[in-house]
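Remarks on the structure that follows.
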Amino acid sequence: MVGFKFIHTADLHLDFPFQGIGQIDEKIQKRLITSGYRVLENLVNLCIREDVDFLLIAGDLYDGANLSLKAQLRYREAFQRLYNHQIQVFVVHGNHDHCGGWRADLVWPEGVHFFSSSEVESCPVIKDGQEVARVYGISYPTQAVHENYLPRFKIQKESPYHIGLLHTNVGGSSGYANYAPCSLDELVSSGFDYWALGHVHSYQVLHHSNPVVIYPGTPQGRHPGETGPKGCCLVEVDSFGETHHQWIELDDVRWANLQVNIGGLASLDDLFIEIQNSLTDLKDRLVDRSGLVRLKLTGRGLVHDMLNQPGVEQDILEMFRFEEVGTSSWLWIESVQIETAFELNLDEIRKEESLRGDFLKLTQKARNLEGQNEIINDLRTAISPVINDRRFKKILSKLDEDTWQRLIDVSEELGIDLLGSKGE
């Protein structure tokens, strides 16, 4: 067969509002408003640079069903650039941009196919005069689609390679509406070669071969929960029909969580140097991208008292926002959380004949094998009403030993703070 290349993306949510942001500089706000369009430009440039044969978009091109004219015109302009480079585009609409909303009556470039919401359609991909693949897809007619669309996907044997384009929740993934639900087993046994999925915003390879099943994730994080790199998949099918894929970053502005431990720091100046160094390291990792940062100060140390003075969070925000805001790429400290504690000598407290001492002896015993089983059994008994509650049973009934150890560590930190202040 003739080899070919394509890009698989989803969940661009053009015209989305950045969520969960407090105070923000006017220059930063303008950049955020246009970030979705920059990502679209990055996507088109990648398609052209990699000389792909087609682009797949697995739903939620737009953030809402009543599409803004500006966003539609920008997509049409982008697809025209792709058509000028002989790159086809295949699109399904998802729950955010379903077909029940308003859209302008635009004439789209040749080579662009929007899949119907009434039935699964199939479109051939022609290269060098022959069909190299066939793309199958269906769009959402309304926002809430509860039907499993998999039984509607039927491969047509005459094509050498079959691609399913679907906006779906595979296996009831938590955190996402259970729209167009299906199972991984259904996808694997479908006879398709590649499933181009959308809806889940994190990059996930659900099945590596025969078929390849991938969520590329959103190409741009929209809120503090969508941290880290965001991008799309570049897929190449060789002349033997083998599928090779790689994930490529596309995001314009990146969310990041930055944690600085105050342990061992003697003064606020030392802390500020540590924060500055951490921000510089983060900026180097972002290269030319900008970043929205949630800064968290943790640990036990001498500067804890000073950090608990009124207005300290705002002072830190203003200091590092002033230092880091630039005209092209920048870091904006979105918020500061102070979760520090007094510096304590836990070994010395453990020797005390006191409630604090007894508590630390108990946590130490919980870490030792000889006392572990007894204490963990007592803990299980103590929280059994919660474990057996149907709302929490799925999560808490499967706590492994590593999780128990982390709970003991957290409990020790919390307990010693509640039992004493400033070491008194």
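If you read the sequence from its start, that first residue is 1, and numbering goes on from there.
Taking the six-membered ring where the residue is Trp, Phe90 and His113 present tilted rings, their angle falling between 30° and 60°. Trp195 and Phe153 have perpendicular rings, their planes meeting at more than 60° on a 0 to 90° scale where under 30° would count as parallel.
A salt bridge links Lys127 with Asp53: at least one charged nitrogen is closer than 4.0 Å to a carboxylate oxygen. Salt-bridge check for Arg103 with Asp97: failed, with every basic side-chain N at 4.0 Å or more from each acidic carboxylate O. Between Glu249 and Lys230, none of the side-chain N atoms (NZ, or NE/NH1/NH2) sits under 4.0 Å from a carboxylate O, so this pair counts as no salt bridge. Between Arg289 and Asp251 there is a salt bridge, with a side-chain nitrogen of the basic residue lying less than 4.0 Å from a carboxylate oxygen of the acidic one.
Side-chain N/O atoms of Ser159 and Glu131 include a donor and acceptor closer than 3.5 Å. Side-chain atoms of Arg300 and Asn261 include no donor-acceptor pair closer than 3.5 Å. Side-chain N/O atoms of Ser183 and Glu186 include a donor and acceptor closer than 3.5 Å. Residues Thr218 and Gln220 bring no donor and acceptor atom of their side chains to less than 3.5 Å of each other. For His201 and His223, the side-chain atoms include no donor-acceptor pair closer than 3.5 Å. Side-chain atoms of Ser68 and Asp15 include a donor-acceptor pair closer than 3.5 Å.
Distance check, rounded to the nearest 0.5 Å: CG of Asn42 to SG of Cys232 gives 9.5 Å. Here Glu339 contributes atom CD and Leu307 contributes atom CG; the two are 12.0 Å apart, rounded to the nearest 0.5 Å. The CG atom of Asn95 lies 5.5 Å from the OH atom of Tyr179; values are rounded to the nearest 0.5 Å.
Side-chain contact between Ile163 and Phe6 is present, with heavy atoms from C-beta onward closer than 4.5 Å. Inter-residue side-chain proximity for Pro109 and Val112 is flagged as met; some heavy-atom pair is nearer than 4.5 Å. A heavy-atom distance below 4.5 Å is found between the side chains of Asp63 and Arg222. Using a 4.5 Å cut-off on side-chain heavy atoms (C-beta onward), Trp330 and Leu292 make contact. With contacts defined as side-chain heavy-atom distances shorter than 4.5 Å, the pair Tyr203/Ile214 qualifies. Looking at Leu106 and Leu73, their side chains come closer than 4.5 Å, going by heavy atoms from C-beta outward. Two residues are said to be in side-chain contact when any heavy atoms from C-beta on lie closer than 4.5 Å; Arg254 and Pro229 meet this criterion. A heavy-atom distance below 4.5 Å is not found between the side chains of Val235 and Lys5.
With hydrogens and angles ignored, the 3.5 Å screen pairs no side-chain donor or acceptor of Arg38 with any backbone N or O of Asp252. Without hydrogens or angle criteria, Asp60 side chain to Tyr62 main chain gives no donor-acceptor distance under 3.5 Å. Formation of a donor-acceptor pair under 3.5 Å by the Ser173 side chain with backbone atoms of Asn169 is not found in this model. Between the Gln259 side chain and the Leu295 main chain, no donor and acceptor come within less than 3.5 Å of each other. Judged by distance alone, with hydrogens and angles left aside, the side-chain atoms of Trp247 form a donor-acceptor pair with the main-chain N or O of Pro216 at under 3.5 Å.
The number of heavy-atom neighbours closer than 6.0 Å to CD of Glu110, taken from other residues, nucleotides and ligands shown, is 12 or below. Residue-environment remark: CG (Asn210) stays at or below the threshold of 12 foreign heavy atoms within 6.0 Å. Other residues, nucleotides and ligands contribute more than 12 heavy atoms inside 6.0 Å of the CD atom of Gln156.
Less than 6.0 angstrom separates the ring centroid of His304 from the ring centroid of Phe342. A ring-centre distance under 6.0 Å is not found for Phe115 and Tyr136. Between His96 and His199, the distance separating the two ring centers is not shorter than 6.0 angstrom. For Tyr194 and His8, the gap between ring centers is short of 6.0 Å. Annotation: Trp108 is not in aromatic contact with Tyr75 [ring centroid separation under 6.0 Å not met].
Between Ala196 and Ala58, the shortest heavy-atom distance links the atoms O-CB, 3.6 Å.
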Working for side chain to side chain contact (heavy atoms under 4.5 Å, CB included), residues Ile155 and Phe192: CA-CA 7 Å; Ile155 64 172; Phe192 279 71; 3.2 Å; yes
